[in-house]
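Each remark here refers to the structure printed beneath this line.
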Protein chains: 2
Amino acid sequence: MKKNVPTIRDVAAAAGVSTATVSKFMNGTQRFSPAVEAKITQVIEQLGYRSNPLAQSMITGRTKTVGLSVLDVTNPHFTSIVKGANRVAQAHGYTVLLVDTEENPGRERPQLEALARRVDGLIIFSRMQDKELEWLAGLDKPLVFFGRLPHLTLPTVASDDHRGAYMATRHLVTLGHKRIAYLGFSKSRRDEERMGGVQECLSAHGLQLQVFDAAAPSALEGERICSSIMLGADHPDALVCYNDLMALGFMKAAQTLGFRIPADISVTGFDNILYGNYTSPPLTTVDLHSERMGVAAMEKLLDAIDGRPTAPFTLIEPQLILRGSTVART
Amino acid sequence: MKKNVPTIRDVAAAAGVSTATVSKFMNGTQRFSPAVEAKITQVIEQLGYRSNPLAQSMITGRTKTVGLSVLDVTNPHFTSIVKGANRVAQAHGYTVLLVDTEENPGRERPQLEALARRVDGLIIFSRMQDKELEWLAGLDKPLVFFGRLPHLTLPTVASDDHRGAYMATRHLVTLGHKRIAYLGFSKSRRDEERMGGVQECLSAHGLQLQVFDAAAPSALEGERICSSIMLGADHPDALVCYNDLMALGFMKAAQTLGFRIPADISVTGFDNILYGNYTSPPLTTVDLHSERMGVAAMEKLLDAIDGRPTAPFTLIEPQLILRGSTVART
DNA sequence: TTGAAAGCGCTAACAA
DNA sequence: TTGTTAGCGCTTTCAA
């Protein structure tokens with residue numbers, strides 16, 4: 001008993017019609033006489049025929065697949081983006097081809113170039129700079145990019161990082177903090193904006209900014225860098241962290257060092273990951289609406305794929321989430 | 001200026017050779033005279049030719065893509081599995097087609113059936129029971145399943161949940177706990193094993209087991225169910241949770257209710273998600289080695305795809321991670 | 001070592 | 001409404 005996957009020709013033969021007819025039937029491109037319709041339906045059922053999507057794609061040029069490239073699925077911010085994007089994709093009959101680039105950032109380009117030929121469009125979250133991204137246009141596929149691209153005119157979805165940082169800082173200033181520091185991650189394209197937001201707010205209030213730079217946007221790195229922030233002569237009384245993961249790590253290490261949060265230092269993060277709720281104290285943070293970003297990006301991409309008009313630039317407003325890691329200085 | 005993506009025929013024509021030759025050249029299937037090789041290389045470079053993977057796949061039946069179906073990417077346990085699987089896939093030149101099924105469990109089957117035609121193999125994490133999974137064999141694709149399947153003979157990768165639960169319970173018993181409860185999630189196929197492990201250990205020590213059942217394997221559900229566990233007449237003095245997420249939620253809610261952990265109740269989880277490190281107290285848990293599970297599954301799948309012999313069943317040993325959420329009862 | 005030719009399974013004009 | 005026919009871009013015998 002061979003495993004002969006039936007082809008459109010088998011169906012056509014068995015139903016006594018042409019392959020074109022079967023094709024049209026499968027795609028609902030046309031109406032049929034009851035007799036033919038019944039016969040085809042029956043034969044398909046009997047043979048268990050299902051059209052071969054590969055052959056289909058080759059002709060139509062549509063794969064019903066979109067590529068989604070993120071820096072690290074493991075980071076809840078990206079995980080949520082994937083979740084949102086995937087939900088929209090599924091709802092429209094698309095499947096997501098996932099690429100996690102942090103494994104080997106150097107191979108990002110060849111990897112995406114290869115991917116581009118197998119998908120109808122791409123959503124990209126990359127650490128590359130504008131200049132390095134010009135080849136993206138050559139992909140000749142609908143594309144959506146996360147973050148702002150001053151020098152490129154690709155459709156983008158971005159959070160207002162400057163504003164979010166300003167909000168968090170403003171909150172700290174209002175609470176009476178004087179020595180506010182920023183724990184950044186300069187390798188990220190968004191670091192500059194966040195630091196800018198902090199800076200602007202502090203300048204407006206005549207306060208100095210102290211900056212620390214982490215080597216990775218991770219909790220472990222937050223732990224590692226804690227001592228250099230807290231064990232100086234005059235440690236900050238508030239810290240704006242590049243993201244929640246770093247904030248989590250920092251808080252844990254600070255507490256281990258004997259500091260009380262927020263009594264000794266207030267802490268804020270970015271992303272509003274779920275786990276900021278479960279620390280003690282829970283983490284004050286800037287919600288970037290990660291999942292919504294994924295949704296927006298996928299909607300924008302599908303619009304582009306289907307030729308619908310779409311705003312080239314979507315900005316998602318951040319929201320400050322107040323929790324226990326920040327408190328008024330008396 | 002048209003966007004004429006060059007085909008193999010363009011290359012053949014420009015190089016003055018046949019398409020067959022170009023094809024063989026692209027695939028390194030054969031050796032060539034220096035002249036031909038040089039010419040083809042040059043033309044390919046000049047035209048920027050890259051073979052169309054769709055056409056290639058249609059003929060060879062290989063897509064260099066594998067499907068990975070998980071219940072919820074957002075759950076760190078699954079995220080880690082994705083991470084591990086993806087790493088291996090990438091290293092072997094494969095891309096991962098991600099499916100997140102929790103959105104609509106009912107459509108799992110049609111979704112996977114459609115997917116099966118576009119991939120070289122599938123890795124599946126499903127909530128379906130053995131009986132419902134028999135159609136999987138009809139997919140006629142290499143397959144790897146997470147979890148044990150008593151009635152099916154598919155290659156599987158599983159954690160020893162029974163053993164892990166036994167270890168956690170044993171730890172609690174040794175610490176002197178007498179009223180040990182299990183907060184389970186009966187909808188999961190692994191719940192039974194975990195509860196079994198707890199039960200076996202308690203029986204061996206002549207202790208009674210009290211069981212609670214959650215409606216979702218989430219932190220929020222852990223919070224919700226906390227009061228029904230803690231506000232009874234005689235609350236347990238130790239709780240084994242189905243997973244870390246539930247444990248996180250439970251701990252938070254319990255603390256909000258005024259209980260001290262672990263003084264009033266010891267808590268353990270499953271999965272060893274990163275965030276169990278950042279609660280106060282940090283969470284004692286059973287590490288299932290999620291990422292390693294993903295790695296093992298993908299390796300097994302690629303073995304199957306390439307026809308290499310492979311053990312049908314891989315069991316990954318759990319490891320108890322001791323942290324502050326458990327303490328000796330005096 | 002190279003090429004001719006026959007498809008893979010399907011769609012898309014265009015005719016009938 | 002249905003069928004004919006010509007491919008899509010590539011691989012793969014089989015001959016040369």
Side-chain angles (χ1 to χ4, degrees), chain A residues 2-44 47-65 114 116-120 140-141, chain B residues 2-44 47-65 114 116-120 140-141:
Chain A
K2 289 183 56 185
K3 295 243 178 182
N4 262 331
V5 181
T7 76
I8 199 172
R9 258 188 285 271
D10 299 328
V11 176
V17 298
S18 75
T19 59
T21 303
V22 178
S23 171
K24 288 168 198 157
F25 177 84
M26 290 298 289
N27 300 304
T29 316
Q30 190 190 275
R31 310 197 65 190
F32 299 86
S33 63
V36 171
E37 173 154 358
K39 187 62 184 170
I40 297 184
T41 309
Q42 178 232 313
V43 170
I44 286 178
L47 263 48
Y49 170 73
R50 328 205 57 178
S51 79
N52 180 332
L54 260 50
Q56 213 163 286
S57 295
M58 195 182 66
I59 295 196
T60 61
R62 297 306 221 63
T63 63
K64 282 292 185 177
T65 300
R117 312 258 340 219
R118 328 182 105 282
V119 299
D120 294 342
D140 196 25
K141 286 278 174 178
Chain B
K2 289 183 56 185
K3 294 245 177 181
N4 262 330
V5 181
T7 74
I8 199 172
R9 257 186 286 269
D10 299 327
V11 176
V17 298
S18 75
T19 59
T21 303
V22 179
S23 170
K24 288 167 196 155
F25 177 84
M26 291 297 291
N27 300 302
T29 316
Q30 190 189 273
R31 310 196 66 188
F32 300 87
S33 63
V36 172
E37 172 153 359
K39 187 63 184 167
I40 297 184
T41 309
Q42 179 233 311
V43 170
I44 286 178
L47 264 46
Y49 171 72
R50 326 206 59 179
S51 80
N52 180 330
L54 260 50
Q56 212 163 287
S57 293
M58 195 181 68
I59 296 196
T60 61
R62 295 306 220 64
T63 63
K64 283 290 184 180
T65 299
R117 310 261 337 222
R118 328 183 106 280
V119 299
D120 294 343
D140 198 24
K141 286 278 174 178

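Chain A is the first sequence line, chain B the second, and so forth, proteins listed ahead of strands; every chain is numbered from 1. Keep in mind that this is a model prediction, so the values were computed, not measured.
Not a single donor-acceptor pair under 3.5 Å links the side chain of B/N27 to the backbone N or O of B/K24. Of the possible donor and acceptor atoms, one in the side chain of B/T60 sits under 3.5 Å from a partner among the backbone N and O of B/R62.
Within the 4.5 Å cutoff, the side chain of A/N52 has heavy atoms near those of the B/R117 side chain. In this structure the side chain of B/F25 never reaches within 4.5 angstrom of the side chain of B/Q30, judged on heavy atoms. Residues A/T63 and B/R118 form a side-chain contact, since some pair of their non-hydrogen atoms from C-beta on lies under 4.5 Å apart. For the pair A/S23/A/I8, a side-chain contact is recorded, criterion being any heavy-atom separation below 4.5 Å from C-beta on.
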Please walk me through it: do A/V36 and A/V17 pass side chain to side chain contact (heavy atoms under 4.5 Å, CB included)? CA-CA 8 Å; A/V36 171; A/V17 298; 4.2 Å; yes
Take B/V22 and B/R9, measure what side chain to side chain contact (heavy atoms under 4.5 Å, CB included) needs, and give me the verdict at the end. CA-CA 9 Å; B/V22 179; B/R9 257 186 286 269; over 6 Å; no
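At whole-Å resolution of the value, CD1 in A/I40 and P in D/dT2 are 8 Å apart. When the C1' atom of D/dT11 is taken as reference, atom CE of B/M26 falls 13 Å away, rounded to whole Å. What separates CD1 of A/I8 from P of D/dT2 is a distance of 15 Å, to the nearest Å. Remark: C1' of D/dC10 and CE of A/M58 are 7 Å apart, rounded to the nearest angstrom. Rounded to an integer number of Å, the gap from A/I44 CD1 to C/dG9 P is 16 Å. Atom pair B/L54:CG and D/dG9:P shows a separation of 11 Å (rounding to whole Å applied). Remark: C1' of D/dT13 and CG of B/N27 are 15 Å apart, rounded to the nearest angstrom. Spacing between atom NZ of B/K39 and atom C1' of C/dT2 amounts to 17 Å, rounded to whole angstrom units.
Take the nearest nucleotide of DNA chain C for B/R117 and for B/P34: the residue whose nucleotide is more 5' is B/P34.
Among the heavy atoms of the strands, none lies under 4.0 Å from B/F25. No engagement by B/T29 is indicated, since no non-hydrogen atom pair under 4.0 Å with the nucleic acid exists. Within 4.0 Å (heavy atoms only), B/S23 reaches at least one base atom of the nucleic acid. Using a 4.0 Å heavy-atom criterion, one finds that B/R9 contacts the bases of the nucleic acid, with or without backbone contacts as well.
Listed pair B/N52 / D/dC8 fails the phosphate criterion, with no side-chain N or O lying under 4.0 Å from OP1 or OP2. Of the side-chain N and O atoms in B/Q56, one or more sit less than 4.0 angstrom from OP1 or OP2 of D/dT11.
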Distances for protein N/O vs nucleotides 3-6 of chain D N/O pairs under 3.5 angstrom?
from	atom 1	to	atom 2	distance (Å)
D/dG3	OP2	A/S18	N	2.9
D/dG3	OP2	A/T21	OG1	2.7
D/dG3	N7	A/K24	NZ	3.4
D/dG3	O6	A/K24	NZ	2.6

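Out of D/dC10, D/dT2, C/dG9, the shortest distance to the side chain of A/F32 is found at D/dT2. Here the nucleotide nearest the side chain of B/S51, chosen from D/dG9, D/dC10, C/dC10, is D/dC10. The side chain of B/I59 has C/dG7 as its nearest neighbour among C/dT1, C/dG7, C/dG9.
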